[in-house]
Amino acid sequence: MATALKGMMKRVVEVVVPPPPAIAAPSRGPRNDSPVLGERPGIDRSIYEPSEGASTGRGDEAIATVHGKTHRLFFLCSHPFAGADRVGDLLNLCTQIHVTGDYHFETLREAFSDLKAHKWHAPFHEPMRTETERAFRDCVRRILGISSEMKPWAEWLGDRTCRSLSVLLPGAHHILVLRDPREVMVEWALEQFRSAGHHYSRDGLNLHLDVHRASFLKDAEYFTSNPGALLGGEGLLERLAGAWRHHTRSDLAALKAVADGETDARVLVLRFEKIATDPGSAVDEMLDFLGLDAPESAPDVAPIGEGFKPIDWRMYFGDDVKRRFKEAAGDTLIELGYENKHNW
Amino acid sequence: MAVHSSFQLPATPPDKQPGWIKRAKRAIPQPVRDALKPVVRKIYPDALSPKPWDLSVCDRPIGNAYTIHADGRELKFFFLTGCWKSGTHWVANVLNLHPAISIKGEHHFEEVIQCKHGLTDATWFMGHRTRLRTVAFDALDNVVRRMMYYSTRDKPQATFIGDHTPRLLVPVLNSAPHLHLVRDGRDVVVSWAYHWLRVKEVNTFLPQFRHLARKWVPLFEQEPDRFRDPSIGLLGDDEWFRHACRGWARYIRHDSTALPQLRKRGMNILDLRYEDLHRNFDTELGRLYRFFGLDPAAAEAPSEATKTLPGFTKVDSKSHYRKGQIGDWQNHFDERLTRIFKEEAGESLITAGYEKNLGW
């Protein structure tokens with residue numbers, strides 16, 4: 001009788017307060033792709049550039065002359081929460097460098113690619129096709145070049161945007177920041193809960209997570225006290241890990257294209273963890289990469305270095321979260337060299 | 001301060017050489033060419049190194065965003081828009097009869113419009129800031145002018161340079177003159193159905209309609225005349241037909257709202273109707289050229305060869321220029337298509353002035 005009554009009450013509740021819609025099973029995607037950069041997993045060098053003998057056709061595409069002064073342009077890329085903004089702050093301590101962002105030139109790139117995408121588009125055909133590409137590069141130079149008005153003596157002007165590594169100006173210098181994705185997951189998830197971001201809200205996922213968000217908004221330490229709730233809920237980890245994996249494999253493919261001479265660019269790969277340990281050395285490395293002498297008095301990196309503190313991801317990664325992360329992005333974690341095997 | 005005047009750009013490389021020079025070069029052995037170079041250079045200096053086009057003239061508009069000074073005179077940019085299959089190619093051909101007009105397409109600058117928003121709308125993007133927004137828009141306007149100027153260099157005497165693209169009436173260059181073309185939606189969707197049957201690559205179809213392409217395109221290749229039957233082909237598929245009707249209705253809804261707003265902002269827009277061009281061809285031609293302040297008498301006479309006469313003497317279902325008639329929808333619409341069109345686009349047909357009510 002009691003059971004039947006319970007069943008009836010449950011049905012009444014479901015009518016009055018319908019359950020949230022079921023979340024479509026996130027696409028698992030391939031999780032054991034071959035390493036992009038070669039048979040041996042991991043990125044094993046810090047500077048990627050076309051190998052000797054590769055035909056690059058290098059020209060001075062990555063320069064802009066503004067108000068009579070010539071500036072060199074470079075790009076600072078990373079996944080969201082992997083540290084590009086903090087690296088930009090470090091570089092801005094140097095008088096010869098001015099980094100601003102986000103520009104999101106990938107929007108421009110997509111638009112110009114769409115302009116010449118179909119054969120019924122005039123820019124699909126030559127010579128318009130080449131001219132369209134030239135116009136795109138000119139746009140990037142103009143938009144980035146005008147940032148020199150804020151620091152006109154800077155030799156280098158940088159775009160700091162959290163995007164995949166894609167070379168917009170042939171021959172340009174790029175700095176790519178990588179970070180342990182498990183730390184990225186934690187910071188990213190916290191931001192998603194804070195702002196009810198895109199991954200949080202899409203397709204009704206928030207209906208499963210709002211109860212935690214409400215508590216988090218009242219108490220900033222909520223997830224410290226309840227770490228399992230951050231990534232343990234249905235679907236969020238899979239979305240974030242899947243997005244990170246897609247972004248990072250795109251980075252790796254771009255690095256390979258540079259190394260194979262298919263793309264003309266120079267790329268310095270930096271690890272967030274290395275910057276956290278010794279930000280001063282990281283700055284020296286970046287200055288050397290950009291062909292700048294280290295300043296006579298080293299800039300005080302301490303205040304900005306605070307932002308590079310590592311996160312203890314282990315407290316948020318219980319066994320179930322670990323298993324789900326390995327399924328979603330474990331292969332790429334190993335390829336970056338953050339683990340050697342799947343049984344971490 | 002004008003940003004564009006401060007930039008120095010890599011030089012535009014020389015344009016491709018004239019065809020006869022390329023053919024001559026191919027026919028002559030290299031050692032002979034090397035020996036002849038000094039002689040040719042003396043007689044025809046531009047043969048070996050044609051002058052580059054100075055596209056930077058497009059970066060210095062004068063007075064407004066659509067006027068530049070180049071080749072010793074003022075050049076003005078304009079745009080021809082309208083829904084797909086409304087006759088934009090025909091009107092472009094007609095415009096090109098006049099020596100002062102050069103219009104090419106389709107550039108699809110709606111991508112540039114999207115890009116303007118993509119770069120500047122989000123509040124945390126650098127492009128959202130006023131100064132950078134101005135620079136970004138300025139840079140993208142330069143792109144539009146450069147591309148249009150570049151693509152019309154085969155008619156260097158033209159002073160009005162245009163783009164024709166079937167797209168919504170949204171300004172690309174601020175306050176640039178526009179020609180806005182409208183056609184009866186019922187003829188548009190019939191023409192659209194034939195257009196897509198001519199497309200051979202299945203992947204250009206939307207995913208939900210690719211099965212129709214696989215089914216009907218091979219048959220259309222063999223027996224195009226069978227497709228007057230509305231029960232077969234794309235017209236025979238309710239989902240496709242509704243999609244096409246909604247597409248045309250969207251154009252009418254958007255443009256009928258945009259047009260008075262843009263005119264209020266001072267934009268010069270000429271309304272054109274496909275049907276009026278057909279019925280009163282000479283009168284409309286005159287109106288078209290006079291919109292630019294040009295003498296219609298200076299234009300070449302329309303002809304079948306230039307695909308500028310209204311309609312075609314021969315119906316070719318497999319050609320981009322299929323029939324060119326008004327009211328052809330009556331040869332295709334049955335009760336089913338009529339009902340669906342009224343549901344999806346009936347109100348827009350009234351808005352566009354083609355019917356007074358849904359009782360047709």
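The structure displayed is predicted, hence computed values, not measured ones. Chain A is the first sequence line, chain B the second, and so forth, proteins listed ahead of strands; every chain is numbered from 1.
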- Message: side-chain contact (heavy atoms from CB on, under 4.5 Å), that's the test. Do A/Leu144 and B/Met126 meet it? Break it down for me.
- Response: CA-CA 10 Å; A/Leu144 185 52; B/Met126 286 297 287; over 6 Å; no
4.5 Å side-chain heavy-atom contact, [X] and [Y]:
{"X": "B/Leu55", "Y": "A/Glu131", "answer": "yes"}
{"X": "A/Leu115", "Y": "B/His107", "answer": "no"}
{"X": "A/Thr130", "Y": "B/Tyr150", "answer": "no"}
{"X": "A/Ile143", "Y": "B/Leu132", "answer": "yes"}

Return the [atom1] to [atom2] distance between [X] and [Y], rounded to the nearest 0.5 Å.
{"X": "B/Glu106", "Y": "A/His118", "atom1": "CD", "atom2": "NE2", "result": "11.0 Å"}
{"X": "A/Met128", "Y": "B/Met147", "atom1": "CE", "atom2": "CE", "result": "4.0 Å"}
{"X": "B/Arg129", "Y": "A/Ser147", "atom1": "CZ", "atom2": "OG", "result": "10.5 Å"}

- Message: If the condition is salt bridge (charged side-chain N to carboxylate O under 4.0 Å, His left out), which residues does A/Glu155 pass it with, not counting sequence neighbours?
- Response: none
- Query: Heavy atoms under 4.5 Å from chain B: which residues of residues 100-114 of chain A carry them?
  - Reply: A/Thr100, A/Gly101, A/Asp102, A/Tyr103, A/His104, A/Thr107, A/Leu108, A/Ala111, A/Phe112, A/Asp114
Flag yes if more than 12 heavy atoms outside [X] fall under 6.0 Å of its [atom1] atom; otherwise flag no.
{"X": "A/His246", "atom1": "NE2", "answer": "no"}
{"X": "B/Arg210", "atom1": "CZ", "answer": "yes"}
{"X": "A/Arg194", "atom1": "CZ", "answer": "yes"}
{"X": "B/Asp121", "atom1": "CG", "answer": "yes"}
{"X": "B/Glu110", "atom1": "CD", "answer": "yes"}

- Any idea which of B/Asp163, B/Val112, B/Leu140, B/Thr165 has the most non-hydrogen atom pairs under 4.5 angstrom with chain A? B/Leu140
- Message: Give me the atom names and distance for the closest heavy-atom approach of B/Ala139 to A/Arg142.
- Response: CB-CD, 3.8 Å
- So what's closer than 4.5 Å to chain B heavy atoms on A/Lys119: side chain, backbone, both or neither? side chain
